[in-house]
Each structure stands twice: as C-alpha cells, then as structure tokens.
Number of protein chains: 2
Amino acid sequence: MLTIGKLGAEAGVKVPTVRYYEQIGLLPKAERSAGNQRLYGRKALERLAFIRHARDLGFTLEAIRDLLSLSDRPDQSCAAADAIAKAQLAEVESRLARLMSLKAELERMVVQCAGGRIADCRVIEVLGDHSLCATDHRHPEGEHIA
Amino acid sequence: MLTIGKLGAEAGVKVPTVRYYEQIGLLPKAERSAGNQRLYGRKALERLAFIRHARDLGFTLEAIRDLLSLSDRPDQSCAAADAIAKAQLAEVESRLARLMSLKAELERMVVQCAGGRIADCRVIEVLGDHSLCATDHRHPEGEHIA
DNA sequence: CCTAATGTCTCTAGCAACTATATGTTCAAG
DNA sequence: CTTGAACATATAGTTGCTAGAGACATTAGG
Ligand SMILES: [Zn+2]
Ligand SMILES: [Zn+2]
Ligand SMILES: [Zn+2]
Ligand SMILES: [Zn+2]
C-alpha cells in the first residue's frame, strides 16, 4: 500500500492534486490507515496515471470522468470513448489553427518594429488597430483563449 | 458619449467585462451621468479596443496593463513593449509545439481504434499507458495546459 | 526511548479572466 | 405614463489546481 506522497510521486501528480481529485469524485475515497492517512493500492495508481495521462493530452476533467466510467464497463461499445477523443482532437486542431494565426501576427509585429520610441512602435500601433493585421485571428465567441 | 452597452458593442466586449476591467483598474473609472450610469468618450473606446485586440492575440491582462502604461509614455523607448511582444510570441510558439505533439498522439489513438468493445479500445488503452505514445508530449511543469 | 524532521490531515482562500444571478434603478419609446 | 430594455451593485460560480494555517502521524537518528 502506498501513502499519498508515494502515489503522487509514482504517477507524477502532486499530493494536493490527488486530494483534489478525491474531493471532486474523480478518485474514490481512499482507504485509511489507523492514523487516518490515505492508503492506495495498484488500482488507484492505475486510475491516477490514467487521469494524469489524459490531462497531459489536454482532456478536461469532465471528459476524463466520462472516460473513466466508460473504462469501468469493458463490454460496452467504445463509440462513446472514441467520440470523446475525436472531440478532443477537434479542439486541439482548432486551437492549433488559431495559435498559428497568432504566431504570424506576433511575428509581423515584432519584425516590423524598428526599435525607436513608443510613439513609433509598430507593436503598440498594431495592438491599437486590428485592421493593420494580415489575418483575422480574432477570438471566435465561446472558444477558450489559451 | 457612449453608454456602457454601446461601448461594449463598438469594441466587441461584453458589458460585464467592461465593468470588470474598470474594477481591476485596467480601464479608468468612467464618468457618470446624472442617473449614475457610466459614460465613455473616444479615448475610452480606443483603450478598450486595444485591450480587446491584445486579448485576442493572447496577451494576459498583466501584460496588457504594462503595454497600456507604456503607450501612455510615447517618448520612451519601445524596448519594453517589444520585449513583451517577443515573450508572447515565445509563449505561443511553445504552446504550438505542444499542441502539435498532442494532435499527433490523439490522431494515432483515434485511427488505431478498430471500434469494438471498451476492453479492446485503443483510446482507453493508450490513455492508461503513456509508453504506447510515439512522442513525449507530457506537460512541462509550470506551463499552462490550455 | 526521545526528539526532530518530514509527511499527512482538514479547512480555507487564492489564481486568471471572466460569467452568471439576484435585486434594484434609470432611461427611452409609445 | 407605463412598459421594457438597459443600467446599477454585490455576490457567487467557473476550471484545475496551488498555497497557507495549524494540528496529528510517522520515521530516522542519537
Ligand atoms: Zn517597438
Ligand atoms: Zn489583429
Ligand atoms: Zn475505441
Ligand atoms: Zn502519452
């Protein structure tokens, strides 16, 4: 049995994060030692590693919650799981497109600045006027910015 | 003079967001009408449009605060503004690199799944085991995930 | 065996950047 | 003059954690 610290170290997750996952019901309530400390077995480690990996791939905790409950029903069709992964792929692709556009605009700004006074700074000028941009990089409503 | 609603519409910013920007000191406290409603002039509109555009380019509010205070000093060197833009470009490039890696892994997962039962689902399998991944896409510590 | 250093416990609050809700006031149209 | 939209304030919620306070548990050294 692992203490929370060992568990976190094995899975690459910080201790408060493990407790947080338990709090929001992503991990089941852990067994406790005589002294009230959490104890984990191999199954909990696998579950936490799954969560960590899915987070690393950008899935939200909500999506991970669904994926975990699917993975608890091995005999069902995996269509729902695949749909979640495809949605995540689409999300990543859309962020990618936007970030490429941002990169282009930022590069233009930085390159065009001759490095003089603020009054002549291309960075400041472009930030004040989107019509100076080459692409329409604007934030589609409802999309997360990061 | 514009009311907050008109101002927001002109700049493409929601009304509560305008009030939020005022609250955190990004916009100066607005003049008020006899009936205590906010009134804005052209300068405020320009400032809000600047903020909106910078947000659209992914700058944080902290960076925008700095850029705004720089733009209030037109005679100073623009080196600091350029540095902020370069840092933002670097940030975008690093996110881009990570997202490309995520996209590759997600595509692999989705393509490899034959679409049967959960027990055989490649999506679930890969999520449980990073060693099945082709690249090291893992989250560098301290970086934002989105 | 005692002590000191970690590690763990709970609880609360904070971060970014808003968004939503509730309740009340002002304004413009008809 | 009444109605309804737009405005006002204040508070709480969102996501995914992270940081702190103050108390208890465990472990390693002397
Ligand atoms: Zn410049
Ligand atoms: Zn632009
Ligand atoms: Zn599948
Ligand atoms: Zn992986």
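Convention: sequence-line order gives letters A, B, ...; per-chain numbering from 1.
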*Asks:* Which comes earlier along DNA chain D counting from the 5' end, the contact point of B:L39 or that of A:G35, where each point is its nearest nucleotide?
*Replies:*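 Taking each residue's closest nucleotide, the earlier one in sequence belongs to B:L39.
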*Asks:* If only side-chain N and O atoms of B:K14 are considered, is one of them under 4.0 Å from the OP1 or OP2 phosphate oxygen of C:dT19?
*Replies:*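 Yes, within the criterion.
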*Asks:* For B:D56 and C:dC18, what is the distance between atoms CG and P respectively, to the nearest whole Å?
*Replies:*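 Answer to the nearest Å: 10 Å.
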*Asks:* Closest approach to the side chain of B:T3, judged atom by atom: which nucleotide of C:dC9, D:dT18, D:dC7 is it?
*Replies:*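 For B:T3, the side-chain atoms sit closest to D:dC7.
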*Asks:* Can you tell me which nucleotide in D:dT26, D:dC17, C:dC18 comes closest to the side chain of A:S33?
*Replies:*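 Closest nucleotide among those given: D:dT26.
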*Asks:* Taking the side chain of B:N36 as its heavy atoms from C-beta onward, which of D:dA8, C:dG7, D:dC17 lies nearest to it?
*Replies:*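 Per side-chain heavy atoms of B:N36, the pick is D:dA8.
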*Asks:* Between C:dC9, D:dG16, D:dA8, which nucleotide gets closest to the side-chain atoms of A:T60?
*Replies:*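 The nucleotide sitting nearest to the side chain is D:dG16.
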*Asks:* Picking from D:dA8, C:dT10, C:dA17, which would you name as closest to the side chain of A:R19?
*Replies:*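 Comparing D:dA8, C:dT10, C:dA17 against the side chain of A:R19, the answer is C:dT10.
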*Asks:* Consider the side chain of B:R32, meaning its heavy atoms from C-beta on, and name the nucleotide among D:dA8, D:dG16, C:dT8 that approaches it most closely.
*Replies:*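 The answer is D:dA8.
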*Asks:* Is there a side-chain contact between A:D56 and B:H130 in this structure, where contact means two heavy atoms from C-beta onward sitting under 4.5 Å apart?
*Replies:*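 No. Closest side-chain heavy atoms not under 4.5 Å.
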*Asks:* Given D:dC17, D:dA8, C:dC18, which nucleotide is nearest the side-chain atoms of B:R38?
*Replies:*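 The answer is D:dA8, which lies nearest to the side chain.
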*Asks:* I'd like to know if the side chain of B:T135 pairs up with that of B:E105 as donor and acceptor (distance under 3.5 Å, no hydrogens or angles considered).
*Replies:*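 A pair is found: one side chain offers a donor N or O, the other an acceptor, under 3.5 Å apart.
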